[in-house]
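Here's the structure, in structure tokens; my notes come after.
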Amino acid sequence: MLKQVMQALDELGAPKGSELRLPGTAAPIAFGMMEGMAIFMNGTDLPAETYARSDINKTISGLRAALGQTEALQGYWEGSRETALYFYGSSFAAMQAAVADYIQSDPLCARCRIEQIA
């Protein structure tokens, strides 16, 4: 039964580094196959006209198109100086390469940073 639960979680997109902790067991059981990529969008240091003319929803659509259907936006975080977009897929390196041209073309992506998160 435990094997089926872990397999189901993997199929649902559990990120690498996930752990299952069961009562009475000494060590957690690792699972997860997806790698994560966070794109931190600069929210304060771009020209004011860039923010006024840009639409984050269009940027998200462009990033999704660059990534294709195998990778997915799983969430976001809004801070006081930046907004992070969290994507998960089978390979961080492949996702980073797939969005490289789009990031260069979208003014809202100027000064963004990309980090591996899982």
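The figures here come from the full heavy-atom set of this structure, side chains too, leaving out hydrogens, waters and symmetry mates. Residue indices begin at 1 and follow the sequence shown.
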Among all residues two or more places apart in sequence or in another chain, which pass the side-chain contact (heavy atoms from CB on, under 4.5 Å) test with [X]?
X	answer
S18	A14, P15, F31
Q7	E11
L22	L2, L20, T25, I29

(request) Tell me, please, which residues at least two apart from R113 pass salt bridge (charged side-chain N to carboxylate O under 4.0 Å, His left out). (result)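 E82, E115.
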(message) Please enumerate all residues that pass salt bridge (charged side-chain N to carboxylate O under 4.0 Å, His left out) together with E19, with sequence neighbours excluded.
(response)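 For E19 the salt bridge (charged side-chain N to carboxylate O under 4.0 Å, His left out) partners, ignoring immediate neighbours, are R21.
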Give the cluster check for [X] versus [Y]: same hydrophobic cluster or not, with ILVMFWY residues linked at side-chain heavy-atom distances below 4.5 Å.
X	Y	result
M95	I60	yes
F40	I103	no
M37	Y102	yes
L108	L73	yes

For [X], enumerate each residue passing the side chain to side chain donor-acceptor pair (under 3.5 Å) test, keeping only those at least two apart in sequence or located in another chain.
X	result
K16	E35
Y76	none
Q74	none
N57	D55

To the closest 0.5 Å, what do you measure between [atom1] ([X]) and [atom2] ([Y])?
X	Y	atom1	atom2	answer
S91	Q96	OG	CD	9.5 Å
L12	M34	CG	CE	10.5 Å
I117	Y88	CD1	OH	3.5 Å

(message) For C109 and T59: C-alpha separation, side-chain torsions, deciding distance, then whether side-chain contact (heavy atoms from CB on, under 4.5 Å) applies.
(response) CA-CA 8 Å; C109 293; T59 298; 3.8 Å; yes
(message) Using a 3.5 Å distance criterion without hydrogens, assess whether the side chain of D10 forms a donor-acceptor pair with backbone atoms of G32.
(response)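 Checking the backbone N and O of G32 against the side chain of D10, a donor-acceptor pair under 3.5 Å is found.
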(message) Tell me the closest heavy-atom pair linking G43 and Y51, and the distance in Å.
(response)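 G43 and Y51 have their closest heavy atoms at C-OH, 3.1 Å.
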(request) Grab the two heavy atoms, one from L67 and one from A98, that are nearest each other, plus how far apart they are. (result)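 Residues L67 and A98, closest heavy atoms: CD2-CB, 4.1 Å.
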(message) Can you confirm whether L46 sits close enough to P107 that some side-chain heavy atom of one is under 4.5 Å from a side-chain heavy atom of the other?
(response)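 No; the side chains remain at least 4.5 Å from each other.
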Among residues two or more places apart or on two chains, list those pairs meeting salt bridge (charged side-chain N to carboxylate O under 4.0 Å, His left out) that have a residue in [range].
range	result
residues 85-98	none
residues 92-101	none
residues 43-53	D45-R81

(message) Between T83 and I56, does the side-chain contact (heavy atoms from CB on, under 4.5 Å) criterion hold? Intermediate values first, please.
(response) CA-CA 10 Å; T83 296; I56 189 68; 5.6 Å; no
